[in-house]
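Below, chain A is the first sequence line, B the second, and so on; all start at residue 1.
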Protein chains: 2
Amino acid sequence: MKKDITISPLRLAILGLVAMHPQSGYDLKKVFETTPMGNFSSSPGAIYPALKSLEKKGWIRGEPENTKSLRPRQVYSLTDEGDAILSSVLEKPVTHEDLIWHFDLVMLRFAFIDRLGNEQALRFLREFQNESEAYVRHLEEIRGQMQQNMSPSGRLALEHGIQGTRGSARWAQKAIEELSKLEKK
Amino acid sequence: MKKDITISPLRLAILGLVAMHPQSGYDLKKVFETTPMGNFSSSPGAIYPALKSLEKKGWIRGEPENTKSLRPRQVYSLTDEGDAILSSVLEKPVTHEDLIWHFDLVMLRFAFIDRLGNEQALRFLREFQNESEAYVRHLEEIRGQMQQNMSPSGRLALEHGIQGTRGSARWAQKAIEELSKLEKK
DNA sequence: AATTTCATGTAACCAGTTACATGATTCA
DNA sequence: TGAATCATGTAACTGGTTACATGAAATT
């Protein structure tokens with residue numbers, strides 16, 4: 001029985017980024033500072049300890065680039081074990097709970113998914129679309145029940161959630177079409 | 001000079017909910033379990049310590065409902081100080097940083113904003129719309145720059161962010177129209 | 001009589017924040 | 001030569017998680 005791996009957004013981001021190409025903590029920091037990936041922290045106080053702990057787990061390995069320097073730049077790359085872990089995280093089905101409680105983690109998983117190939121990306125998107133549509137229905141039900149005892153802005157905030165989730169479902173549909181087209185070529 | 005108050009989503013949710021009407025920790029727990037507000041935690045291990053700490057700060061006050069019981073139900077209500085704090089949090093301008101780093105907190109602020117009146121709600125929505133549109137432009141710029149060195153799914157994930165933010169801006173526009181209509185009546 | 005729900009709480013743990021520290025290298 | 005940037009790290013703190021504990025009241 002495979003152990004269920006839980007991982008924080010920051011750690012998954014690090015894992016995914018070093019999987020694309022080996023890089024240092026500082027490189028990662030820059031990525032977080034300059035791209036939308038930065039939603040998953042940035043501060044050295046988070047990145048360096050995370051690198052240490054991932055290394056301790058044996059998922060990444062850091063090697064000094066310039067041995068003569070006092071504090072040489074550590075370049076981290078994925079180990080075989082890290083590769084397996086990353087794949088198993090990306091392969092996990094997209095559940096209702098993921099969508100509600102860890103949406104950012106879900107999108108992050110998708111951002112790295114193409115290393116598993118197109119079929120996996122499509123599988124992910126289909127699950128994502130299904131769960132999003134189910135969640136929209138659930139939110140609409142709540143809206144129906146609570147309409148009365150909600151303040152105007154409370155109702156509008158709920159409306160934002162409904163429309164946002166609906167948008168996500170539509171995005172998934174479009175993405176599926178796009179990836180299917182690529183497949184055929 | 002007014003001190004800049006930072007508050008966690010859970011604490012703001014608690015403050016806003018007891019502001020609507022006094023209630024116990026257990027009542028709050030149920031709200032978190034049964035409404036979309038539940039995004040901001042739920043576990044007793046978070047709620048009860050948060051209540052204690054808010055009480056210690058003097059923002060809420062708990063009073064036992066049934067003094068004869070061994071562990072009487074504590075009903076919390078907002079103090080005058082808590083009322084002032086809540087208002088000052090809701091009055092804060094919607095900044096670019098808020099939008100990027102604390103989006104959930106921003107929506108939560110909006111959900112409770114009508115206690116400040118319609119003009120404040122409209123002010124909030126205008127700021128929200130402006131910042132959202134600016135962020136869309138920023139993301140589009142990034143998309144333009146990175147198009148090449150991004151994987152298909154990475155690009156699609158970015159696309160999700162752009163479309164989601166665009167959706168938020170549109171939502172704000174609609175909400176402004178709706179609240180303006182209410183105003184006139 | 002047994003189970004569920006009401007109701008509050010604690011303890012160990014984890015991950016991230018802010019702020020600070022260190023020192024090398026590159027650039028103006 | 002002074003400033004900015006490269007590069008890595010630590011310490012104190014905060015706030016949340018899971019899991020557990022307690023016991024009354026209501027329901028089946």
Quiz prompt | Spacing of Gln74(B) atom CD relative to dC6(C) atom P, expressed in whole Å | solution = 18 Å
Quiz item: OP1, OP2 of dG16(D) versus side-chain N and O of Ser8(B): anything below 4.0 Å?
Solution: yes
Quiz item: When you check the phosphate oxygens OP1 and OP2 of dA15(C), does a side-chain N or O of Ser53(A) lie under 4.0 Å from one of them?
Solution: no
Quiz prompt | Listed partners of Tyr135(B) passing ring pair (Phe, Tyr, Trp, His ring centres under 6.0 Å), at least two apart | solution = His96(B)
Quiz item: Could you state the CZ-P distance from Arg73(A) to dT5(D), rounded to the nearest angstrom?
Solution: 17 Å
Quiz prompt | Phe32(B) CZ - dT17(D) C1' separation (whole Å) | solution = 15 Å
Exercise. Describe, as an angle rounded to 10 degrees, how the axis at the first end of the helix from dA1(C)-dT28(D) to dA28(C)-dT1(D) is tilted relative to the axis at the last end, five pairs per end.
Key: 20°
Quiz item: How long is the line joining CZ of Arg11(A) and P of dC14(C), in whole Å?
Solution: 10 Å
Exercise. Just jot down the side-chain hydrogen bond (donor to acceptor under 3.5 Å, both in side chains) partners of Thr95(B), sequence neighbours excluded, or say none.
Key: Asp98(B)
Self-check item: Rounded distance (Å) that lies between atom C1' of dG16(C) and atom CD1 of Ile14(A)
Solution: 12 Å
Quiz item: For Glu159(A), which residues count as a side-chain hydrogen bond (donor to acceptor under 3.5 Å, both in side chains) partner, sequence neighbours excluded?
Solution: Arg143(A)
Quiz prompt | Under the side-chain hydrogen bond (donor to acceptor under 3.5 Å, both in side chains) test, residues paired with Arg166(A) that sit two or more places apart | solution = Glu140(A)
Quiz item: Between atom CD1 in Ile47(B) and atom C1' in dT8(C), what is the gap in whole Å?
Solution: 11 Å
Grab the N/O contacts between the protein and nucleotides 10-13 of chain D below 3.5 Å, and write none if there aren't any.
none

Quiz prompt | ring-ring contact (aromatic ring centres under 6.0 Å, His included) contacts touching residues 7-43 of chain B (sequence neighbours left out) | solution = none
Quiz prompt | side chain to side chain donor-acceptor pair (under 3.5 Å) pairs, two or more places apart, involving residues 47-59 of chain B | solution = Arg11(B)-Ser53(B)
Self-check item: Ser43(A) or Leu51(B), whichever maps to the more 5' nucleotide of DNA chain C
Solution: Leu51(B)
Practice problem: With side chain to side chain contact (heavy atoms under 4.5 Å, CB included) as the test, would you mind laying out the steps for Ser180(A) and Leu122(A) before giving the verdict? | Solution: CA-CA 8 Å; Ser180(A) 304; Leu122(A) 284 166; 3.9 Å; yes
Quiz prompt | Any residue meeting side-chain hydrogen bond (donor to acceptor under 3.5 Å, both in side chains) with Asp104(A), in chain and number order, not counting sequence neighbours | solution = none
Quiz item: Can you check the Glu55(A) CD to dT8(D) C1' distance for me, whole Å?
Solution: 13 Å
Practice problem: Provide, to the nearest angstrom, the distance between the NZ atom belonging to Lys29(A) and the P atom belonging to dT17(C). | Solution: 13 Å
Quiz item: If only side-chain N and O atoms of Tyr26(A) are considered, is one of them under 4.0 Å from the OP1 or OP2 phosphate oxygen of dT8(D)?
Solution: no
Quiz item: Got more than 12 heavy atoms from elsewhere within 6.0 Å of CG, Asp80(A)?
Solution: no
